[in-house]
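Only one structure is covered here, and it is reproduced in the block below.
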Amino acid sequence: MKILVLNGPNLNLLGTREPEIYGQQTLAEIMQALTEEAVACGVSIETQQSNHEGELIDQVQRAGRESFNGIIINPGGYTHTSVALRDAIAAVGLPTVEVHLSNIHAREEFRRHSYIAPVAVGQICGLGPVGYSLALRALISRDSNWRLSENRDRSEKPTD
Ligand code: CA2
């Protein structure tokens with residue numbers, strides 16, 4: 001199983017400013033811990049951060065082309081603005097979990113709306129870095145349930 005983890009604009013600043021909102025850990029530390037967790041679960045993950053909308057869209061499209069099994073995305077500020085990123089996620093059709101460190105529903109009004117949520121399988125917010133870990137577990141559990149049902153369907157098919 002292969003999962004792409006995407007982080008959007010300004011998340012490279014984590015751990016340097018606004019620790020009361022986003023915590024003390026750097027993005028590199030959070031991604032390192034997530035990678036270790038994935039390895040322990042036998043899952044391969046690739047992590048990317050970009051401050052550019054088009055680059056994030058290119059990464060989503062690549063995940064589709066390269067047969068990744070799912071995407072974890074913290075789209076940062078593009079959550080609240082990007083129809084194009086939403087279209088890319090909808091177009092590739094990979095199960096995608098939207099993650100936010102802060103509780104976007106308890107902040108400014110403009111953060112309450114997400115263009116991404118309707119095309120994601122779920123949204124996790126307000127739980128800090130553990131949100132990425134929960135997203136990973138959700139995708140692994142979804143994938144193994146899907147594989148179980150595929151095997152069941154195959155074994156139930158009548159043989160000639
Ligand atoms: O809570 C989240 O994870 C957000 O996606 C973070 C975005 C924000 O626009 C979303 O509404 C919610 C902002 C990321 C900016 O990160 C910074 C980290 C440190 C210092 C300054 C910005």
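Atoms within a ligand are numbered from 1 in the order they appear, just like the ligands themselves.
- The distance from ligand 1 to the heavy atoms of R17 drops below 4.0 Å at these ligand atoms: 19 (C), 20 (C).
- Ranking protein heavy atoms by distance to atom 21 (C) of ligand 1, first place goes to E18 OE2, 3.5 Å.
- Side-chain atoms of Q123 and H105 form a donor-acceptor pair, as typed in the model, at a separation below 3.5 Å.
- Distances from atom 4 (C) of ligand 1 to the heavy atoms of E98, R111, H100, R107 put H100 nearest.
- With ligand atoms numbered from 1 in the order given, ligand 1 contributes 9 (O) to contacts under 4.0 Å with heavy atoms of G77.
- Between the side chains of Q59 and Q61, not a single donor N or O lies within less than 3.5 Å of an accepting N or O.
- Atoms of ligand 1 lying under 4.0 Å from at least one heavy atom of I104, given by number and element, are 12 (C).
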query: Do Y132 and N7 pass the side chain to side chain donor-acceptor pair (under 3.5 Å) test, and can you show the C-alpha distance, the side-chain angles, and the key distance before you say yes or no?
result: CA-CA 11 Å; Y132 290 95; N7 284 290; 2.5 Å; yes

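- When hydrogens are left out, the protein atom nearest atom 1 (O) of ligand 1 is S102 OG, 2.5 Å; that is the closest non-hydrogen contact.
- Atom 13 (C) of ligand 1 has as its closest protein heavy atom Y22 OH, 3.4 Å.
- Counting heavy atoms closer than 4.0 Å to ligand 1, residue T16 contributes nothing at all.
- Look at E46 and K2 and you find no salt bridge, because none of the NZ, NE, NH1 or NH2 atoms lies under 4.0 Å from a carboxylate O.
- For atom 11 (O) of ligand 1, the closest non-hydrogen atom on the protein side is H80 NE2, 2.7 Å.
- Ligand 1 lies less than 4.0 angstrom from a heavy atom belonging to L14.
- Between atom 3 (O) of ligand 1 and the options L27, L101, L13, the minimum heavy-atom separation is to L101.
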task: Check the pair H113 / Y115 against ring pair (Phe, Tyr, Trp, His ring centres under 6.0 Å), numbers first and verdict last.
output: CA-CA 7 Å; H113 177 259; Y115 278 101; 4.7 Å; yes

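- Nearest residue to atom 7 (C) of ligand 1 from G23, G76, P9 is G76 (criterion: closest heavy atom).
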- request: Any chance you could lay out the side chain to side chain donor-acceptor pair (under 3.5 Å) test for N51 and E53, step after step, and finish with the verdict?
  value: CA-CA 7 Å; N51 291 328; E53 189 175 15; over 6 Å; no

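- Looking at heavy atoms from C-beta onward, E98 lies in side-chain contact with H100 at the 4.5 angstrom threshold.
- The shortest side-chain heavy-atom distance between I72 and L136 falls under the 4.5 Å cut-off.
- Within the 4.5 Å cutoff, no side-chain heavy atoms of V99 are placed close to those of I73.
- Nearest non-hydrogen protein atom to atom 15 (C) of ligand 1 is N10 CB, 3.6 Å.
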